[in-house]
Amino acid sequence: MADPITDTDNLSPVERYKLAREARRVAPAQTLPTVPEITEDTLWRGLTREGEVRILVVRATEAVHQATQRLGCSPAAAKLVGELMAGTQLLRACLNPDEQLQLGSKNAGSAGNFVVDSYAEGHMRATVRNPKATLDDGLLVGNGTLQVARTRPGRSTYRSAITMEHDDIDGLLMRYLMESEQILSLLRLDVQVTPEGTVEHALGFLVQLMPEGTKEDLGCLVNNLETLPELSTGMTADDPDAMGWANALMSGLYWDQAARQDVGFFCPCSAERVLTLLSTLPQSDLQELADGGEPLESTCDYCKTTYTVPLDQLQALMASPS
Ligand SMILES: [Zn+2]
């Protein structure tokens, strides 16, 4: 007897199309061809076949290590900065491809105000006012305001703000997503720093129930999360994308790993930018700087590069006011 599923000879073109479509829908997850080594920072995203659920996974270990070493962070501050950097990168990846995202704080706790920039190319940088703060100093973030700025080239910046509570960065960013995007999101960050300040890993993931998502999809995720191991245990040298872990999280959903982006530490500061900034100062301020009789030294808050502006360049700026 003919098998109605595999024997397609007797089927109409429409029926055949429907069968092929169903086979595609339930096929195992497609994965991206080249997987970077576990030592390389990356962000990959996946999507269910009907667009119901989105998943993003970031590894920013090296970027966070670089940023926190430059800032001279205590282990506690390095963990905070790492969570902010990995989280900002996940949030930025949900925006338009050319969009830039900045998270800043006002009236933060013992670590002082922070700024984290995430650029379209996967570049990121961070600074914090008091990088030596420890947990003995009280809450690092505390109760302040988180300020979020989204910028696209050639367009005006879109700003929003929400209150910060405690040091729970996962919760803070999830609340931001809920309030600003009205998308049900689960975001978890996992940053591990040794007592010597070495960043062992800086990871995070974001799962979102898109408008196409159903109660059943949500139920699936909630069930899977109950037994889901930490991302850091699933991300190994043999499985740098943590696909085994991701399949466990997305179990019951039909999905594909869809795209990848390199991420890394990068500060766009330069000697030219210092001069441009100086050229916006009033003549009297420039005169005061030149009267000091010393070259001007300016250190970047993010990467700690020091730029020296010689006296003759300061004088040239005064001679050619902008
Ligand atoms: Zn810099």
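First listed ligand is number 1; within each ligand, the first listed atom is number 1. Side-chain atoms are counted along with the backbone in the values below, which use heavy atoms only and exclude waters and symmetry mates. Small disclaimer: the values here were computed from a predicted structure and weren't measured.
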Is a salt bridge present between Lys79 and Glu83, judged by a nitrogen-to-oxygen distance below 4.0 Å? yes

Does anything in residues 41-57 form a side chain to side chain donor-acceptor pair (under 3.5 Å)? List the pairs, not counting sequence neighbours. Thr42-Arg260, Thr48-Glu52, Arg49-Asp256, Arg54-Gln208

Checking Ser118 side chain against Arg92 main chain: does a donor-acceptor pair fall under 3.5 Å? no

What is the number of protein N, O or S atoms that sit under 2.8 Å away from the Zn ion (ligand 1)? 4

Regarding Glu165 and Asn143, do their side chains bring together a donor and an acceptor under 3.5 Å, going by distance alone? no

Short side-chain to backbone donor-acceptor contact, Arg175 and Thr163, under 3.5 Å: yes

I'd like to know if Asp170 pairs up with Arg188 as an ion pair, taking the criterion as any Lys NZ or Arg NE/NH1/NH2 lying under 4.0 Å from an Asp or Glu carboxylate oxygen. no

